[in-house]
Amino acid sequence: QVRVVESGGGSVQAGGSLRLSCEVWGYKYCSYSVTWYRQAPGKEREFVSSIDTNFNTKYSDSVKGRFTISQDNMKSTLTLRVTNLQMNSLTPEDTASYFCSAIQGGAFAQCRRETPYWGQGTRVTVSS
């Protein structure tokens with residue numbers, strides 16, 4: 001069974017930094033692309049950043065230059081992919097619940113799945 005677990009949220013003042021982590025516990029022969037989304041109160045969920053299995057990264061315009069997504073090679077294993085989202089120069093507009101999602105894929109047909117797995121989210125609050 002695949003599990004997605006986020007951690008690292010908290011409260012910080014504007015200009016500060018936080019690092020979020022996403023643990024994807026998956027199957028040994030499958031691969032996982034990871035995407036971070038966020039949802040502020042009263043707003044729709046929006047894309048933040050992603051990293052695919054070839055370590056290609058994408059960022060929304062609102063976080064580009066401030067956030068960095070990367071795989072944590074020290075912690076990742078065959079069945080665990082750990083991805084970090086380093087968030088710098090935070091502003092109150094970054095206040096939201098941050099969700100990690102994982103798309104399962106790989107060379108084996110059994111791995112391919114269109115519906116992503118989701119974590120429960122982690123809360124980030126930035127005060128001015």
Side-chain angles (χ1 to χ4, degrees):
Q1 186 174 359
V2 176
R3 289 187 296 126
V4 179
V5 181
E6 304 99 331
S7 62
S11 297
V12 66
Q13 289 192 328
S17 299
L18 282 174
R19 188 175 73 174
L20 305 183
S21 289
C22 174
E23 295 181 346
V24 180
W25 298 86
Y27 298 108
K28 184 177 181 180
Y29 297 108
C30 301
S31 58
Y32 298 88
S33 297
V34 171
T35 302
W36 282 95
Y37 295 86
R38 66 186 181 186
Q39 186 166 18
K43 294 187 177 181
E44 293 187 353
R45 189 170 295 189
E46 64 174 0
F47 167 82
V48 176
S49 181
S50 65
I51 183 167
D52 67 18
T53 54
N54 292 318
F55 306 107
N56 297 307
T57 60
K58 294 181 180 179
Y59 299 92
S60 68
D61 288 341
S62 62
V63 308
K64 197 173 294 182
R66 299 187 299 123
F67 290 13
T68 303
I69 191 170
S70 62
Q71 174 164 302
D72 190 330
N73 292 320
M74 292 293 291
K75 296 180 180 178
S76 295
T77 67
L78 288 177
T79 57
L80 170 63
R81 184 175 194 187
V82 181
T83 302
N84 295 321
L85 183 68
Q86 178 66 40
M87 307 188 297
N88 299 327
S89 302
L90 287 163
T91 73
E93 288 69 38
D94 295 315
T95 295
S97 291
Y98 284 70
F99 298 89
C100 180
S101 73
I103 291 286
Q104 182 176 286
F108 296 99
Q110 300 94 316
C111 288
R112 292 168 205 156
R113 171 189 161 104
E114 291 187 2
T115 305
Y117 296 97
W118 288 91
Q120 293 300 307
T122 185
R123 180 76 180 166
V124 171
T125 303
V126 184
S127 58
S128 57

* Structure fact -> Here the pair of heavy atoms bringing Val34 nearest to Cys22 is CG1-SG, 4.2 Å
* Asked: CD of Gln13: more than 12 outside heavy atoms within 6.0 angstrom?
  -> no
* Say whether, by atom type as modelled, one donor and one acceptor occur between the side chain of Arg112 and the main chain of Ala107 under 3.5 angstrom. => yes
* Asked: Just by modelled atom types, is the Asn54 backbone N or O under 3.5 Å from a matching donor or acceptor in the Asp52 side chain?
  -> yes
* For Val24 and Val2, what are the C-alpha separation, side-chain angles and deciding distance, and is it a side-chain contact (heavy atoms from CB on, under 4.5 Å)? -> CA-CA 7 Å; Val24 180; Val2 176; 4.3 Å; yes
* Structure fact -> Between the CD atom in Glu6 and the CZ atom in Phe99, the distance rounded to the nearest 0.5 Å is 7.5 Å
* **Validation row: Ser31, Gln104 side chains within 4.5 angstrom (heavy atoms)** => no
* **Polar side-chain atom of Thr122 near backbone of Gly9 as donor-acceptor pair, under 3.5 Å** => yes
* Taking the six-membered ring where the residue is Trp, are the ring centres of Tyr37 and Trp118 under 6.0 Å apart? -> yes
* Asked: Roughly how far, to the nearest 0.5 Å, is the CG atom of Leu20 from the CH2 atom of Trp36?
  -> 4.5 Å
* To do: First locate atom OH of Tyr98, then atom OG of Ser49, and finally report the distance between them rounded to the nearest 0.5 Å.
  => 11.0 Å
* Carboxylate-amine/guanidinium contact Asp72 Arg81, below 4.0 Å -> no
* Asked: Distance from Ser33 atom OG to Asn56 atom CG, nearest 0.5 Å?
  -> 9.5 Å
* Exam field: side chain Ser89 to backbone Gly15, donor-acceptor pair closer than 3.5 Å -> no
* List the steps and the verdict of side chain to side chain donor-acceptor pair (under 3.5 Å) for Ser70 and Asn84. => CA-CA 5 Å; Ser70 62; Asn84 295 321; 4.7 Å; no
* **Residues Thr95, Arg123; criterion side-chain contact (heavy atoms from CB on, under 4.5 Å); working and verdict** => CA-CA 8 Å; Thr95 295; Arg123 180 76 180 166; 3.7 Å; yes
* Measure the CG-CZ distance between Asn88 and Arg19 for me, rounded to the nearest 0.5 Å. => 11.0 Å
* **Backbone of Val5 reached by a side-chain donor or acceptor of Glu23 within 3.5 Å** => no
* Asked: Is it true that Leu78 and Tyr117 fall in one hydrophobic cluster, defined by side-chain heavy atoms closer than 4.5 Å?
  -> no
* **Which atom of Pro92 lies closest to which atom of Ser128, heavy atoms considered** => CG-CB, 3.9 Å
* Asked: Would you find a donor on one side and an acceptor on the other, under 3.5 Å apart, between the side chain of Tyr32 and the backbone of Ser101?
  -> no
* To do: Determine, using the 4.5 Å side-chain heavy-atom cutoff (strictly less than), whether Val124 and Tyr59 are members of one ILVMFWY cluster.
  => yes
* Salt bridge between Arg66 and Asp94, side-chain N to carboxylate O under 4.0 Å? -> yes
* Residue pair Ser97, Gln120: steps toward the side-chain contact (heavy atoms from CB on, under 4.5 Å) verdict -> CA-CA 9 Å; Ser97 291; Gln120 293 300 307; over 6 Å; no
* Asked: Quick one: CG on Leu90 to OG1 on Thr125, what's the gap to the nearest 0.5 Å?
  -> 11.0 Å
* To do: Assess whether atom CZ of Phe47 is packed by more than 12 heavy atoms of other residues, nucleotides or ligands within 6.0 Å.
  => yes
* Take atom CZ in Arg113; do more than 12 heavy atoms of anything else shown fall under 6.0 Å from it? -> yes
* Val48 side chain near Phe67 side chain, heavy-atom distance below 4.5 Å -> yes
* Structure fact -> The residue among Thr83, Val4, Leu85 that forms side chain to side chain contact (heavy atoms under 4.5 Å, CB included) with Cys100 is Val4
* Asked: What pair of heavy atoms forms the shortest contact from Lys75 to Val82, and how long is it?
  -> CB-CG2, 3.8 Å
* Linked, directly or transitively: Ile51 and Trp25 (ILVMFWY side chains, under 4.5 Å) -> no
* **Heavy-atom pair of closest approach, residues Pro116 and Ile103** => CB-CD1, 3.5 Å
